[in-house]
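In this text the structure is predicted, and so the values were computed from the model without any measurement.
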Amino acid sequence: MTTPIDRLRYACVVALVAMMLFGHVHWMPPVYSAWLFALLGFAIWRTRREVRTAPAWIRLPVLAATFGLLVYSAGSPIGREGGSAMLGGLIVLKLHETTQRRDARVIAAAALFFSMIGFLFGQGLALTLYFCAVATSCFLALHLVSLDNPVGVTHLVSDLRRGLRISARVGAAAIPLTIIAFVFFPRLSSPLWGAPWDATQGRTGISDRMRPGALSKLWNDDTPVFRVTFLDGAMPPPSARYWRGPVLWAFDGQEWSRADLYRLTPSPKVDYAPESVVEYEVLMEPTEQAWWFPLDLALNAPDNARITGDGQVVSRRPLIGPRKANFRSAWQFRMDVEPAGGQRWAARQLPRTGNPQARQLASSWRNRHGTDDQAVIDEALALFNREFTYTLEPPPLGRDIVDDFLFNTKAGYCEYYASSFVFLMRAANLPARIVTGYQGGMYNGAGDYWIVRNSDAHAWAEVWLEGQGWVRVDPTAAVAPERINRGNLAAAMPEAASWYSDGWGLEWRNRFDLIARYWRQAVIEFDAVRQRNLLQQVGLEDMSWQALGGGLLVFGAIALALGAWLSLRGLARGTRDPLLRAYRRFNLRLARAGVPRAAGEGPVAFGERAAAQLPQAASAILELTRRFAEQRYGESANDADTSHRKRLALELRAFRVRR
């Protein structure tokens, strides 16, 4: 038999779905997310009088619109992002045909599963705590829709309080099994969800392609990209903290991109000053791209990674999970004094047409200075220093982006200057290339490490000079030297700073980041090696998958039994209710008088039978059992006033009868 759901409990289910969706807005397409929240509001509005199924002429167009927005925003309903977004949309659409408690239970169970899907898109501490709260709310919703209490705000509040206690006990009972599964479950070399988000754009915003405006979109994104701990205490000055990423060689008139040729060539030949070598540990966030961002220039690569011919550290697999590696880098170096074959030729290539004014300007510099390459570089830097401004919101550019920037707008972000500078150098027949990555970082004194964020994204240039090799030239330093010398954008430009970039806000932000870092190291990075080391410390030397499976079964069964005992003990805690204990004592006295209560016999029926067999106490028995049934199961069951319950418990305990 189906049981209808009332408006208040339906509103609680809608609130649960809204809470579930809010945990996914960080990855779900914004347009699609807004549509789903609008459908939630429509569900509440439509049931303002009663809970009823939406007619087909509403449901079918809404279904078509939801699917169309999904395809438009996510690209496909297949895959990790598209499939997950489609499931979230189906849960929301289910609300519009929900009228029975059975439907509400299905939605609560689906919301619990959808919360687990959230860990495919993030495993940070804050997100984990939030989804734990969502899971508790799912248990709470299941508790609410299973009750038959009268409808009303007072009863609902009381049900919520009791449901929260029950949900918390059920969640706590799962902790032992969770710990055992975490320790003994066999670890894989990589996550099961190995498909990248996007083939061309990583989550960091640093891609293997760049056009003016790409990096300026990140200046207000404070998401951490990686954390760095210098192991020997020594660190380069702020002006030398360049974190090297993709090196861009090819230009099509609008966009710069990498050259596949140098992914397979041997590592560059490096001469470096020994006193400039630093050792440090990098803890990378998932980027779903294959490159690391070591300090320029890396002398070693971690396991399953290599240094390419242009100095970039590339992993064999995308970094789809948090990764940690130790690096050695030299910040005073000479790279490829004798370059690999074809490098200088590739670093001079430009499209045959486009940007004629920039070409003419570079040609005039070359004619004026002859073979003096450094003088050509100085001409470009002096031009930037004299006539250009550094801005967080550059104006748009036309078709000839270099000409438009150099001779019209004259305002831009770092990639504007790097792009135009390299174009000018190549037009002057000087080998040049763009390097993207990050510059600077912010020190976390609470944990003694550095945080590099998306807002630290940067682009600079390298030119090849005879006898010096590839030399870093940062044209941004000619326009805004404070951006380089101070080490982060917030310190260089106050308008880019947030309220939490200084003072007590920064202090608490650093403390929370330290906790998040510990979470990464202790939980998310708990791989097969750390699992083996932990189990060996307690005498478990055999680390085969059979041994791990056996340990998981044995200790898991113990943890499951413990959790079940805690859960049942918590659910049976009603026996500690003074009223229920008093009633049981009342039943015991009646049994001693010769009238035992039958199994499954209700209090009113039992009272009538006992009154018939014990006429000398009939009135007292009938009155006490009637009042007990009212306080326990009637409208007074959720009454906030407990004085009547206490008085009844005293009278039940004081009851006496003789055979």
Side-chain angles (χ1 to χ4, degrees), residues 205-220 246-258 347-366 368 375-437 439 455 457-463 472-484 489 492-493 495-496:
I206 297 294
S207 171
D208 57 357
R209 296 177 178 273
M210 187 201 76
R211 66 172 59 207
L215 300 185
S216 58
K217 297 177 181 178
L218 301 175
W219 70 265
N220 60 348
V247 181
L248 310 181
W249 294 79
F251 183 57
D252 62 3
Q254 295 288 325
E255 188 176 65
W256 293 86
S257 60
R258 297 172 68 198
R348 292 190 179 102
Q349 299 305 303
L350 286 174
R352 294 184 178 181
T353 60
N355 302 291
Q357 292 177 279
R359 296 174 189 265
Q360 183 179 1
L361 177 63
S363 179
S364 66
W365 291 343
R366 176 57 72 188
R368 184 185 312 156
V376 174
I377 296 173
D378 294 339
E379 286 272 15
L381 297 180
L383 173 66
F384 290 146
N385 179 262
R386 183 174 61 249
E387 301 181 18
F388 287 73
T389 57
Y390 187 71
T391 178
L392 300 175
E393 297 180 356
L397 301 177
R399 186 178 64 176
D400 289 335
I401 59 175
V402 179
D403 278 359
D404 201 16
F405 173 67
L406 291 177
F407 301 99
N408 294 326
T409 64
K410 298 186 178 182
Y413 202 59
C414 59
E415 72 270 28
Y416 287 70
Y417 293 99
S419 175
S420 58
F421 177 83
V422 171
F423 186 94
L424 289 170
M425 295 301 101
R426 292 190 176 189
N429 201 34
L430 180 59
R433 62 193 183 189
I434 293 178
V435 184
T436 58
Q439 200 282 327
S455 56
H458 194 56
W460 61 96
E462 286 182 340
V463 296
R472 180 195 305 137
V473 179
D474 193 345
T476 301
V479 185
E482 64 277 4
R483 166 64 182 92
I484 308 303
L489 188 63
M493 305 186 71
E495 63 270 27

(request) For the residue pair Arg211 and Glu415, establish whether any side-chain heavy-atom pair is separated by less than 4.5 Å. (result) no
(request) Over all heavy atoms of both residues, which pair between Pro396 and Asp404 is shortest? Give the atoms and the distance, please. (result) O-OD2, 4.1 Å
(message) Between Arg366 and Val376 (side chain of the first, backbone of the second, donor and acceptor by atom type, cut-off under 3.5 Å), is there such a pair?
(response) no
(message) If I take atom CE from residue Met425 and atom CZ from residue Arg433, how far apart are they, to the nearest 0.5 angstrom?
(response) 15.5 Å
(message) So, taking the atom named CG in Leu406 and the one named CG in Leu383, what distance separates them when rounded to the nearest 0.5 Å?
(response) 6.5 Å
(request) Measure the shortest side-chain to side-chain distance between Thr476 and Trp460 over non-hydrogen atoms and say whether it is less than 4.5 angstrom. (result) no
(message) If you define the side chain from C-beta out and look only at heavy atoms, does anything of His458 sit under 4.5 Å from Asp474?
(response) yes
(message) Can you classify the ring geometry of Phe388 versus Phe384 as parallel (below 30°), tilted (30 to 60°) or perpendicular (above 60°)?
(response) perpendicular
(request) To the nearest 0.5 Å, tell me how far Leu397 CG sits from Thr409 OG1. (result) 5.0 Å
(message) Measuring only between side-chain heavy atoms, which start at C-beta, is Leu430 closer than 4.5 Å to Ile377?
(response) yes
(request) Measure from the side-chain N and O atoms of Arg348 to the backbone N and O of Asn429, and report whether any donor-acceptor pair falls under 3.5 Å. (result) yes
(message) Nearest 0.5 Å, please: how far is CG in Leu424 from CH2 in Trp365?
(response) 5.0 Å
(message) With a 3.5 Å distance limit and no angle check, can you tell me whether Asn385 reaches the backbone of Ala478 through a side-chain donor-acceptor pair?
(response) yes
(request) Give a yes or no on whether the backbone of Ala411 and the side-chain of Thr389 come within a donor-acceptor separation of less than 3.5 Å. (result) no
(request) Report the distance from atom OG of Ser420 to atom CZ of Phe407, rounding to the nearest 0.5 Å. (result) 10.0 Å
(message) With a 6.0 Å cut-off (strictly less than), is the heavy-atom count around CD of Gln349, excluding the residue itself, greater than 12?
(response) yes
(request) Take atom CZ of Arg386 as the centre, draw a 6.0 Å sphere, and report whether it contains more than 12 heavy atoms from other residues, nucleotides or ligands. (result) yes
(message) Let me confirm one number: the OH-CZ distance from Tyr417 to Phe405, rounded to the nearest 0.5 Å.
(response) 4.5 Å
(request) Provide the closest heavy-atom pair for Pro395 versus Tyr416 in the form atom of the first, atom of the second, distance. (result) O-OH, 3.9 Å
(request) Determine the minimum heavy-atom distance between Cys414 and Ala459, stating which atoms define it. (result) SG-N, 3.5 Å
(message) Contact between Pro351 and Phe251 at the side-chain level, heavy atoms closer than 4.5 Å - yes or no?
(response) yes
(request) Could you tell me whether a side-chain N or O of Arg359 sits under 3.5 Å from a main-chain N or O of Gly354, the two making a donor and an acceptor? (result) yes
(message) Could you report the tightest heavy-atom contact between Pro246 and Asp208, atom names first, then the distance?
(response) CB-CA, 4.3 Å
(message) When you measure from the side chain of Arg209 to the backbone of Ser257, do you find a donor-acceptor pair of N or O atoms at a distance under 3.5 Å?
(response) no
(message) In the structure I gave you, are the side-chain heavy atoms of Ile434 and Phe421 within less than 4.5 Å of one another anywhere?
(response) no
(request) Mind listing the closest non-hydrogen atom pair of Trp249 and Ala347 along with its distance? (result) CZ3-CB, 3.9 Å
(request) Mark yes or no for whether Asp403, through its side chain, and Gln357, through its backbone, hold a donor-acceptor pair below 3.5 Å. (result) yes
